[in-house]
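All values below were derived from every heavy atom in this structure, side-chain atoms included, with hydrogens, water molecules and symmetry-related copies excluded. Throughout, protein chains are lettered first and strands after them, A, B, ... in sequence-line order, and every chain is numbered starting at 1.
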Amino acid sequence: MDNNLAIKAENSKTYLGFWIYILTDCVVFASLFAVYATLHSNTNGGASAQMLFSMPLALTQTLILLSSSLTSGLAIISALNKNKNKILFWTLATFILGTIFLFLEIREFNHLVAIGDSWRESGFLSSYFVLVGTHGLHIIIGLIWMIVLSFIIIIKGLTIKSMKGLVMFNLFWHFLDIVWIFIFSVVYLMGHMGL
Amino acid sequence: MIEANLLGLLNIDSFRHDLIQNIGVAIMSLSVIFVILGLTYFKKWRWLFKEWLSSLDHKKIGIMYIVVAVLMLSKAGFDALIMRTQQALSVGNHHGIVSSSHYQQIFSSHGTTMIFFAAMGLMFGIINLAVPLMIGTRDVAFPWLNSVSFWLFAAGMILLNTSLAIGDFSGAGWLAYPPLSELQYSPTVGVDYWIWSLQIAGVGSLLSGINFIVTILTKRAKGMNLMKMPMFVWSILGSMTLVTFAFPVLTATLALLALDRLIGTHFFTSGGGGNPMMYVNLIWAWGHPEVYILILPAFGIFSEIVATFSRKKLFGYKSMVWAIWAIVILSFTVWLHHFFTMGAGADVNGFFGIMTMIIAIPTGVKIFNWLFTMFRGRITFSAPMIWFIGFILLFSIGGVAGVILAVPPADFQLHNSLFLVAHFHTMIVSGVLFGYFAGIVYWFPKFFGIRLNEKLGKIAAYLWILGFIVAFVPLYALGIMGATRRMDHYSASMGWQPLFIVAGVGVLIIGSGLLAIVAQVAYSIYKHLDYRDKTGDPWDGRTLEWSIPSPAPSYNFSVLPTIKKPDDFWDLKQTNRKVELNYSDISMPKNSYLGLFISAGAFSFGFGVVWHIFWLSIIGLILIFSSIIIRTLDENTEYIITKESLIRDDMKFYGEAK
Amino acid sequence: MKFFKIIALISVPLFFIASIVIYVSSHNAQVFNSAGIIASKEKSLILFSLFLSLFVLLPVYIMLIFFSIKYRADNKSSKYSPNFGSSRIVESVWWLIPTILIFILSIVTWQSSHDLDPYKKINSSTKPINIQVVAMDWKWLFIYPEEGIATVNAIYIPKDTPINFELTADAPMNSFWVPQLSGQIYAMPGMNTKLSIMSDKLGVYSGRSANISGEGFAGMLFDVNVVNQSQYNNWVKDTRLSSRVLNNTSYDQLAKPTENVTPFSYSFVSPELYKSILYKYNATDDNMSKAMGM
Amino acid sequence: MIKERYHNYLIGFVSCIFLSFGAYSIATSSSGKTNYYEIFVIGVLALSQLVIQGIYFLHLSLQKKDRYRLIIASLIMLIIIILVTGSVWIMNNLNSHMMPSSNDMVKYNQSQDGL
C-alpha cells in the first residue's frame, strides 16, 4: 500500500509542515476565542447573545459543515482508490455544501447589520463578527483552493503534487469543521444559555 | 469610510518633517542611491538578481538576513544616540534636540527595529547559515518557503523605513498599548505603519519557524538521532517551537488593533465596550516567549563556542536539553510579570511572580554547565570566547535584576523605570547580541572562506563590554533614583543629568564597538589572501559543518554523512577514522523570482492599507496569490549536479588542504 | 604582562561602578530613600532578593575567573580531560541549590504580594483620608471628596494618616508613582484602581506618571507635601478661599490637553464628578442614550 | 486498509452528528437561568468531538509515523489551554478588582435622571 500516492502524500514533509501551520492557525483562533470570552458580556447597552442568535440556523450550519467534512473525507477515500472522477464528484459536493454554509452566514451577518447590531456597536458584537467572520474568511479561502485543486487534478491528473494538495486541503477542511464546532458550542449554545 | 480620491490619506504634508528626520531621510536615500549607482557602474545588476535576490540557497538567504539586520542595528543605534543626546541635554528650560512627539516616534522605532529586524534578522540569518550544515543536510525542508519568508521579512523592513520618509511612525512605544494606540489618541497613520510592518515580518518569521522545525525533525543525517544532535540545533528546535506557538497570538492581536482602527470595532477602545487590558494581556502572551525566542539561539551558540574553544565535550548534555525544554514550556506561564502594576489581585501577581522565578533555574543551570565545560579544558581566548566572557559577566547581573523584578511588590517600585530598561537591555545586548556577534565571528570562515582578524575582533568585544557597562550601569542607578523610561525632559532638581551624560558617553563607546566590528570585516576582506581558510576547519571544530570546504559549496555535503556518536566529526579526527565516499548525482532547487514578487505584493498591500489606498492593497493581494498559484503549477524546480563535478570539487579541496 | 592585563580589565569596571554607587548615595536615591511604610517594606524586599541572588552570582564569577586562568591553553600543568561530560553529583547541585533559593524567595514573594497589595487598607487608629485621582491629558487631578476641594499636580497629606487613593483616567493609560511613598498603580479610563499609603516623615516627595500617555507625558509631575495635621487643616481652609470652582463646564475646560501645568486648586468640587468621569466609559443598559449623546 | 479508513469516516461522522444534536438539545431545553453544570457538559461534548475528529478523520495514532504530528498537536493544545484559561483568569481578576459595579452605575444614573 505504501507506494499509493495518497499515502505517500500523507507521510511527506509537506504534510507535516502544513500540519504545523494548521496548529498555528488554531492558536490564532484560540486568541480570538479568548477575546470573545473576555468581551462577550460587554454589550455596551446593546443586544446580548441571548437575544440575537437563532438556534435552528446554527444547528443547520453545523450539520452542513459536518457533512461537507464527510464528503471531503470520501474524496480522500476515492484518491486512495485512484478514482479521478469520484474525487472530483466528492470535491464538488464539498464545494456546494461549503457555499451553502457561507451563504447562510453572510445572510445572518447582513441581517444583524440591517437591524443596527453591526460590529461598531459593542465589544461583544465586534468579537462575535471577527471570530465568526475569520472562520468565514477561511471557508472562502477553502472554496477557492477547491477550485484551483480541481483544475490541477483535471489537467495534470493524479500526480504526487496534486495528491499532496488534496490531502492538505482535506486537513484544512477538517480543521475548519473543528473550529466551527467550538464556535457553535461556545458562541451559539452557551450564548443562548445566557453565559 | 472609503476615501473617494485615489491616494487615500496620502497628501503633500506627509512629506514635511523636522530637521533631524530630514537628515535621516537624506542619509537613507543617499545610501540607496549610492548602492544603485555602484551596481550600475560595476554592471553587477544581473549578478545581484541571478546570484542573490532569486537564490533559494539557505546560505545566501542567511547572508542577506545578516546584511539587513546589521543595517537595521546601525539605524536603531542612531535612534539610541539621538535619545541619549536628548536626555543628556533636555533639563529645566532646555528642551533638547527633538520635540516630544518626535522623541516618542524615535523610541518606538528604536525598540521595534531592534527586536523585529536587528535581533530577529541576525537570528534567522545565523539559523539559515548554520543549521542545515550542522545536521548534515543539503538544504532546508522547504527552500522556496525559506526565500518567501526572507522576502516578507524584507518587505516589513522596507515598510517600516518608508515611515521615516512618508508620514510619521507610531508614538506609542514598541508595543503600542491602547488606548494610546487607538484612533482617538493616535489619529495619524503612525500606528498603522507599526501594525502592518510587524504583521508582514511576523508572517515571514512564522513560516521560517515551521520550515526549520520540519528541517530539524526530518532532514538530519543518517544515524543522528535527537540525542546526538549538536546543542545549537536543540536550542534552535526550542526557539522555533516558541516561534510557531507564540507568533499567531501576535498576528491575532495586531489584526484586532488594525480592525479597531480601520472599521471601528471596539476591541481595545476605552469606551464602547472595549477592554484595553485584553490587548496588554495578549501582546505579552506573545511578548515573553518572544524574548526567549531570541535568547535560546544565543545559548546554543555559546554551547558550541565554549565546547570548541575549551577543546572539551559540552558538560551535562542531557540537563542542557532539559533546561531548554523547561524554558520553552515555562515561557508561556510568566507573561503577567510585564503588568504586575495594572492592579490584578495578590493571588494572580504572586502566582506569576513565582513562575517567573522558577524560569531562572534552568537559565542558571545552563550557565553552570558552560562554566564546567571550561573546567579541565584547554581554553584558547579568541574573539568568540571574549564575547562569551562578556556575556557571563553581564548576563548574570541582568539575571539578578530579573529575579528582583520578579517579586511583585519590588516590581511595583521599579516597573517602567530605567532600572527595568537597564535590565532588559542587559538581557538583550549582553545576551542576544553578544551571542550572535560571537556566532558570526565563529562561522564567518565557513561562509566567506576567510578568517576574521583576531586583534580587531577582540578590540570590538572589549569596546562593547566596556561601552555596555558605561551606558547601562548609570541607568540602573537612575532607576533607583526614580527616573522613568521614555522621558524626553526632566527637572534639574532631580540630580539625574550627570548620569545621563555618562550613559551618553557609554553609547558612543558601543557605537565605536560596532564600527570596530565593521572594520574587522572590512580589514579581513581587504587582506583576504593571507586570511584564507584552506582547511575548512579553522577552529579544530567538533561538529559537521567543519568537515566540508569553506566557503561551503552550494550543495554543502558532496556525500551526505552518517553519524555514529555525538560530536562525530571530533571523534572522527581523534581516531582518524577514514570515511569512504560513494558519490551520486544530486538535485538542488532552482532559483525563483516569485519570492521577490510576493515581497512587492506584501509591501504594496501594507502601504495601501496604511494610507487607505485600497486599490493598491487589492493589487498587492492579487500579486501574492498569483505567485503562490504559479509556484504550485511550476514543475521543473530542480537542477542536477553531476557526480563528476562533485568528485572534481572534492579533489581540488583535498589536494589544496594537504 | 597577561596577569597585569586581567587585573586592569577587572578593576576599571569595578572602579566605575563604585563611583556610580557613591554618586547615587550622595543624592536623593528615591526608591531607597523611603518616607512611607509601604516604600520601606518594598525597599527591604528588593535588598533581600538581591542578597539571595548573590549566592548564585558570586559562584558564577569565581568559577569564571578561576577556570579562565587555570585552564587556559598555555598552562600545560592543568589537568586536561576532554571527555569529562557529566557528573551526577555536580549537576544535581546546580539543579538543587537554585531551586532551594527560589523556593525561599517564592515564600517571601507570596507573603509580600498579599501584605503589600495596593488594595489592602492600612490599619491605623487615625481616620483615613480619601483622595480621588484622575489622570488627564498630561496632568493629574486630585479630588478630596470629604473636604470638597480639588488640586491639580499637587497633593497635601498629613503625616501618619492612611491615605486611600481611588484612581481612574480620562486619558490613555497612566501610572501613579511616588517612589518615596509606595510602588506605582495604573490609572485607566473606565477602570477604578485603588492604592493605600501612609507617610511617616515630613517633607516634599516628587511623584510622576510612569506609563507613556502621549506628548506631554514627561510633564505629568506632581509633589506630595507631607505636613503635620495643623498645617494640613490650614491648607484646606486656604484652598476653600480660592476663586476656582470645579463643575462639569470647568471640568471640560480642564480636560483640554495641556502640558507642564503649574499646580493650582479648586475651592469647590461638584460631588459626583469622579463617578461621572468613571462611568463615562462604561455605558450600561439604561444610560446608553446619554453616553452616546455625550 | 482503505475499507478501514472508510469505516473510520462513517463512525466519526455519525458520532459527531450525535454529539452535536446532544449539545443542541441540552442548550435549547435549558431553563433561562444559566446553570454552569450544563455549560460544562456542552464544553465536554465539544472537546470529545475534537478528539473524535482527531482520531477518525485525521488518523492521529500512536504509531511511529504519526508520532511527530501527535506530539506537536498535544504540545500546542497544552499551550492553548494555558493561554486561554490564563487570559480568562487574569481578565476576570482584573475586572473584579477594577470594573465599577453595575448597580452603582444604575443608582448613579437614577440620581442623574432625577437632577
Peer 1: Heavy-atom distances under 4.5 Å only: say whether M385(B) touches chain C with side chain, backbone, both or neither.
Peer 2: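 The answer is neither part of M385(B).
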Peer 1: L393(B) versus chain C, heavy atoms under 4.5 Å apart: side chain, backbone, both or neither?
Peer 2: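 Backbone plus side chain of L393(B), per the 4.5 Å heavy-atom cut-off to chain C.
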Peer 1: Side chain, backbone, both or neither: which part of F419(B) has an atom under 4.5 Å from a heavy atom of chain C?
Peer 2: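 For F419(B), no heavy atom lies under 4.5 Å from chain C.
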Peer 1: Between V108(C) and chain B, with a heavy-atom cut-off of 4.5 Å, which part of the residue counts as in contact: side chain, backbone, both or neither?
Peer 2: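 Contact with chain B is absent: no heavy atom of V108(C) under 4.5 Å.
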Peer 1: Measuring heavy-atom distances to chain C, does Y177(B) have an atom under 4.5 Å in its side chain, in its backbone, in both, or in neither?
Peer 2: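 Side chain only.
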Peer 1: So, taking the atom named OG1 in T484(B) and the one named CG in L420(B), what distance separates them when rounded to the nearest 0.5 Å?
Peer 2: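 CG of L420(B) is found 11.0 Å from OG1 of T484(B).
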Peer 1: By a 4.5 Å heavy-atom criterion (distance strictly below it), what part of S99(B) contacts chain C: side chain, backbone, both, or neither?
Peer 2: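 Neither; nothing under 4.5 Å.
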Peer 1: In terms of the angle between their ring planes, are F176(C) and F165(C) parallel, tilted or perpendicular, with boundaries placed at 30° and 60°?
Peer 2: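 Ring orientation, 0 to 90° scale: tilted.
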Peer 1: Check each atom of V470(B) against the heavy atoms of chain C and say whether the ones under 4.5 Å are side chain, backbone, both or neither.
Peer 2: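 For V470(B), heavy atoms of backbone and side chain both lie under 4.5 Å from chain C.
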Peer 1: If I measure from the heavy atoms of chain C, does I367(B) come under 4.5 Å with its side chain, its backbone, both, or neither?
Peer 2: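 The side chain, not the backbone.
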Peer 1: So that I can tick it off, tell me whether D567(B) and K313(B) are bridged by a salt bridge, with the cut-off set at under 4.0 angstrom between side-chain N and carboxylate O.
Peer 2: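 Here K313(B) does not pair with D567(B) in a salt bridge, since their nearest N and O are not under 4.0 Å apart.
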Peer 1: Using heavy-atom distances under 4.5 Å, tell me whether F339(B) contacts chain C through its side chain, its backbone, both, or neither.
Peer 2: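 F339(B) has no heavy atom closer than 4.5 Å to chain C.
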Peer 1: Are L167(C) and N192(C) side-chain neighbours, meaning at least one heavy-atom pair lies under 4.5 Å?
Peer 2: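 They are not in side-chain contact.
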Peer 1: Between D74(C) and R72(C), is there a salt bridge with N-O shorter than 4.0 Å?
Peer 2: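 The answer is yes: the pair qualifies as a salt bridge.
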